[in-house]
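No hydrogens, no waters, no symmetry mates; every other heavy atom, side chains included, goes into these values. So that the names make sense, note that chain A is the first sequence line, chain B the second, and so on, each numbered from 1.
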Protein chains: 2
Amino acid sequence: MTTDTHLKQHDATREKLLASAYCEIRRQGYQGASINNILESTGLTKGALYHHFANKQALGLAVIDEVIAVNLNDWFIQRIRDSATPVETLLDVIAQLGARLDEEAILLGCPLNNLIQEMSPLDEQFRHRLNVILEDWQSAIDSALHKSQQQGRIKPEIDCSAAALFILSAWEGCIGMAKNRQSIRPFQICLEQLQGYIRSLMIL
Amino acid sequence: MTTDTHLKQHDATREKLLASAYCEIRRQGYQGASINNILESTGLTKGALYHHFANKQALGLAVIDEVIAVNLNDWFIQRIRDSATPVETLLDVIAQLGARLDEEAILLGCPLNNLIQEMSPLDEQFRHRLNVILEDWQSAIDSALHKSQQQGRIKPEIDCSAAALFILSAWEGCIGMAKNRQSIRPFQICLEQLQGYIRSLMIL
DNA sequence: ACGATTAGATACCAAACGGTATGGATGTGT
DNA sequence: ACACATCCATACCGTTTGGTATCTAATCGT
């Protein structure tokens, strides 16, 4: 076996563990996530897990850094940053969110927000890494609003940083409330209101 | 001992258990809440607990019904329903929220939202009871907006039910985001934006 | 080709978990 | 006053938890 395939194999089991842990944490929360469940669904054993991760906390932090942050970056942050018409792209992304999420995804909620609510008061390392992601996200929205403001698409008196924070909060709030209503309809209504708020920042 | 004092004693230990369970759940989440911790902080034992509650789930549900729902009702719903100028009262309550919560309260988040995020996908009984509270809350905001709309304080084209859902979501979202920032300042900024949204529904 | 390192399986562990069975007080109804 | 129910403490139980020690292959560096 060459070095490359070996490294690939190494990474493969690590990725399997990460993916499985991500799933389990998403369903049960971090505290409720069972190491044995994670291993069972991968077919691996504790030997493999504790070879790649020092303990449960390290596994959880790796899920945050290597799964959640990456997903958010691909799905949201990059698209907003790269857009020539950022506010419109922001509205687009929100619309896609309402249209594409199925009921199960809504029931499980936002992986980032789930961990924030559960772990922020309990573990400073969790809190800090989640905070970094959150600030990155807010900064992306802030920049998008600012850019659009310079394009004359957003009212000059708007405080873009404050608006970005509110959009982020309301976004997570919408997903969070939807988690408790089994239907997808209130979620879409809520997102429409959020879009309405964003449009109220814009010049007609 | 008379019947009255006996009943009071009975209720007293039950209330002690509820209060302690509320505290523990607020700090650790429901799954993370330890029965032994709850008992230790009351000085009671398992005999007492399992005399008053069938199991941990029943204790958790009682905390929802008898502590969280009651608190929310006293602090928010009644004040909104009783107000002659509901939108103004709503804005007041939000302002008080931003001014009165200390850092610890923010770090621990909203007890209702905490349980929603943790338990909605895991336990149908939890989900249902939390949903009842949520709908009650939304309905209170809805009625408040509607009443103010009839008073000519809110624009006639506003969909009060949708706006109420969004206000609720954004509210919880603000508290949820604040949970991750140790400072109280972003929380206040976020609430100011929420107030701005509500004012945008009003007639100047 | 051979010693050293890495990957991962197996078996085990102490601690914490929620929950139960029993028994002794204390109070209640008649 | 006596039978009965209520309230709660003590001791215990089986299960699950995250974590460790050990051992065997496989692979790497030289």
Side-chain angles (χ1 to χ4, degrees), chain A residues 1-25 27-64 115 118-119 122-123 125-126, chain B residues 1-25 27-64 115 118-119 122-123 125-126:
Chain A
M1 205 184 248
T2 73
T3 300
D4 276 0
T5 55
H6 177 230
L7 281 180
K8 271 179 193 165
Q9 177 57 33
H10 174 84
D11 288 357
T13 66
R14 196 189 138 91
E15 293 301 316
K16 266 211 289 194
L17 288 167
L18 274 177
S20 176
Y22 170 75
C23 260
E24 173 82 359
I25 289 174
R27 284 190 158 68
Q28 312 283 345
Y30 170 77
Q31 296 184 89
S34 156
I35 298 283
N36 286 331
N37 274 26
I38 292 171
L39 293 174
E40 196 172 351
S41 83
T42 57
L44 294 167
T45 62
K46 293 200 172 177
L49 202 166
Y50 285 100
H51 176 73
H52 289 277
F53 303 96
N55 49 35
K56 191 186 181 185
Q57 187 199 31
L59 177 61
L61 294 176
V63 166
I64 293 176
L115 283 173
E118 179 186 3
M119 297 304 295
L122 294 181
D123 186 304
Q125 296 207 53
F126 272 78
Chain B
M1 206 184 250
T2 73
T3 300
D4 276 1
T5 55
H6 178 231
L7 281 181
K8 271 180 193 165
Q9 177 58 32
H10 174 84
D11 288 358
T13 66
R14 196 189 138 92
E15 293 301 316
K16 266 211 288 195
L17 288 167
L18 274 177
S20 175
Y22 170 75
C23 260
E24 173 81 359
I25 289 174
R27 285 189 157 69
Q28 312 282 347
Y30 171 78
Q31 297 184 87
S34 156
I35 298 284
N36 286 330
N37 273 56
I38 292 171
L39 294 173
E40 196 171 351
S41 83
T42 57
L44 295 167
T45 61
K46 294 199 173 179
L49 203 168
Y50 286 100
H51 175 74
H52 289 278
F53 303 96
N55 47 37
K56 191 186 181 185
Q57 187 199 32
L59 177 62
L61 294 175
V63 166
I64 294 176
L115 283 173
E118 179 186 4
M119 296 304 294
L122 294 181
D123 187 304
Q125 297 206 53
F126 272 78

Give a yes/no answer on whether the side chain of [X] brings an N or O atom under 4.0 Å of OP1 or OP2 in [N].
{"X": "B/His51", "N": "D/dC7", "value": "yes"}
{"X": "B/Asn36", "N": "C/dC17", "value": "yes"}
{"X": "A/Ser34", "N": "D/dT17", "value": "yes"}
{"X": "B/Thr13", "N": "D/dC7", "value": "no"}
{"X": "B/Thr45", "N": "D/dT10", "value": "no"}

Starting from [atom2] on [N], measure out to [atom1] on [X] and report it in whole angstrom.
{"X": "B/Leu39", "N": "D/dA11", "atom1": "CG", "atom2": "P", "value": "15 Å"}
{"X": "B/Phe53", "N": "C/dG18", "atom1": "CZ", "atom2": "C1'", "value": "16 Å"}
{"X": "B/Leu44", "N": "D/dC7", "atom1": "CG", "atom2": "C1'", "value": "11 Å"}
{"X": "B/Gln31", "N": "D/dT16", "atom1": "CD", "atom2": "P", "value": "15 Å"}
{"X": "A/Lys16", "N": "C/dG8", "atom1": "NZ", "atom2": "C1'", "value": "12 Å"}
{"X": "A/Lys56", "N": "D/dT17", "atom1": "NZ", "atom2": "P", "value": "9 Å"}
{"X": "B/Ile35", "N": "D/dC12", "atom1": "CD1", "atom2": "P", "value": "21 Å"}
{"X": "A/Leu59", "N": "D/dG19", "atom1": "CG", "atom2": "P", "value": "10 Å"}

Quick one: does B/Tyr30's side chain get under 4.5 Å of B/Ile64's, heavy atoms only?
no
Could you check if a side-chain atom of B/Leu49 sits within less than 4.5 angstrom of a side-chain atom of B/Thr42, using non-hydrogen atoms only?
no
Side-chain (B/Gln28) to main-chain (B/Ser34) donor-acceptor, under 3.5 angstrom
no
Without swapping roles, check the side chain of B/Lys56 against the backbone of B/Ala33 for a donor-acceptor pair under 3.5 Å.
yes
Checking C/dG18, D/dA9, C/dG8 against the side chain of B/Tyr50 (C-beta onward), the nearest is C/dG18
Please evaluate the base of C/dG18 for a donor-acceptor partner in the side chain of B/Lys46 within a cut-off of under 3.5 Å?
yes
Answer yes or no: are there more than 12 heavy-atom neighbours, outside B/Gln57 itself, under 6.0 Å from its atom CD?
yes
With sugar-phosphate meaning primed atoms plus P, OP1 and OP2, does A/Leu49 contact a base, only sugar-phosphate, or nothing at under 4.0 Å between heavy atoms?
nothing
